[in-house]
Amino acid sequence: MNDAHDPNTEAQVRAALGQRADETAVSTDALDNIRAARRSSPWARLIV
Amino acid sequence: MRSSPIAQTSEATPRMNDIPLTAAVDPLADLFARHYHDLVDLVSGLLDDNETCEEVVQDAFAAMMRQSQPPRPGAEGAYLRSAALIGARSQLRKRRVRRRHLQAMPSHTPDNTEAAENPAIASVETDRVLAAIRTLPRRQSEVLLLRFQADLSETEIAETLGISPGSVKTHASRGLVAVRRQLEDRS
């Protein structure tokens, strides 16, 4: 397999992933959702 | 966990910096602030809708908290990245199984199913590259995501995936070659 360094493909991959990331958003209640999941955690109760 | 309303555009939902946090007195909020959005970005390279990306990352946090002992201090990011990638892979497997079952049904209409699960991506080039990444062997796609999406060093990628730095180089190189060949084949 030809594994020579390929800066062009590398740049394409980086650009595509960057563009996809720009489209992501996070919900305002994400942290609350995670907090709700902590109730079954033996250690998280100590820190949350 | 599954019912969070997800807005469709970034303008309609706040970015991480807009969410009020009390990190100084809340370790979980601190972890959330440092890793959550980056993790959603990371798995977005494998999954094509925000809601599933968020579910996978929230599950990663929940999985971390279900451990009998927390990760050692400083290793939380590696743990969360690994758990999120595993969750994303699991989602992809479930989708493949669902598609196989649907395609086996006489009344199945492939176009409708595909359209529902794969919202159009604005850039055709981006779509082609992401599609190529998603077909790579697991380690290769994970290494490319961690390297070019999360901007991790080879050492950090090795720690996250539990492999050697040499293997990271090998998977990255082979992954890039495979992506290039797929792009050439489809052009």
Side-chain angles (χ1 to χ4, degrees), chain A, chain B residues 1 3-10 12-16 18-19 21 26-29 32 36-37 40-42 44-45 48 50-51 53-54 57-59 61-62 64-70 121-123 125-130 132-133 144-145 148-149 170 173-177 179-180 183:
Chain A
M1 176 174 288
N2 174 17
D3 61 353
H5 183 61
D6 182 357
N8 186 47
T9 305
E10 186 175 312
Q12 284 180 292
V13 169
R14 193 183 295 278
L17 292 174
Q19 181 168 329
R20 179 70 182 97
D22 288 342
E23 297 167 355
T24 65
V26 298
S27 57
T28 54
D29 58 355
L31 181 56
D32 291 336
N33 289 340
I34 295 170
R35 286 190 197 287
R38 88 188 191 281
R39 297 191 183 98
S40 61
S41 166
W43 66 269
R45 278 194 295 268
L46 302 176
I47 66 169
V48 177
Chain B
M1 176 81 52
S3 60
S4 60
I6 311 294
Q8 297 302 308
T9 65
S10 57
T13 49
R15 303 288 288 189
M16 184 59 58
D18 300 326
I19 299 175
L21 300 171
D26 186 340
L28 177 61
F32 180 86
Y36 186 80
H37 205 159
V40 173
D41 286 347
L42 175 67
S44 74
D48 51 17
N50 281 2
E51 186 170 4
C53 291
E54 286 212 81
V57 175
Q58 289 172 23
D59 285 347
F61 273 88
M64 183 178 70
M65 292 189 298
R66 280 197 300 271
Q67 297 296 306
S68 57
Q69 291 186 334
I121 299 176
S123 164
E125 183 65 18
T126 295
D127 201 9
R128 292 174 66 228
V129 175
L130 291 176
I133 292 171
L144 293 188
L145 288 171
F148 298 116
Q149 171 69 277
T170 300
S173 176
R174 290 179 178 173
L176 286 173
V177 169
V179 168
R180 185 183 67 201
L183 295 178

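We name chains A, B, ... by the order of the sequence lines, and we start the count at 1 in each one.
Between B:Ser44 and A:Glu23 the shortest side-chain heavy-atom distance does not fall below 4.5 Å. Taking the side chain as every heavy atom from C-beta outward, B:Tyr36 and A:Leu31 never approach each other to under 4.5 Å. For the pair B:His37/A:Thr24, a side-chain contact is recorded, criterion being any heavy-atom separation below 4.5 Å from C-beta on.
Put simply, the side chain of B:Gln149 never gets that close to the backbone of A:Gly18: no donor and acceptor are under 3.5 Å apart.
Scanning all heavy atoms of the two residues, the minimum distance from B:Glu54 to A:Ala30 falls at OE1-CB, 3.9 Å. Closest of all the heavy-atom pairs between A:Ser27 and B:Gln58 is OG-NE2, 4.2 Å. Considering every non-hydrogen atom in both A:Gln19 and B:Thr126, the closest pair reads OE1-OG1, 3.0 Å.
For the side-chain contact (heavy atoms from CB on, under 4.5 Å) with A:Val26, the lone residue among B:Asn50, B:Asp41, B:Val40, B:Val57 that qualifies is B:Val40.
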Take A:Leu17 and B:Leu130 through the side-chain contact (heavy atoms from CB on, under 4.5 Å) test and state the conclusion after the steps.
CA-CA 7 Å; A:Leu17 292 174; B:Leu130 291 176; 3.7 Å; yes

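For the atom pair CD1 (B:Ile133) and CZ (A:Arg20), the distance works out to 11.5 Å, reported to the nearest 0.5 Å. The distance from the CZ atom of B:Phe61 to the CZ atom of A:Arg35 is 11.0 Å, given to the nearest 0.5 Å.
Residue B:Leu42 does not touch chain A at all, counting heavy-atom pairs closer than 4.5 Å.
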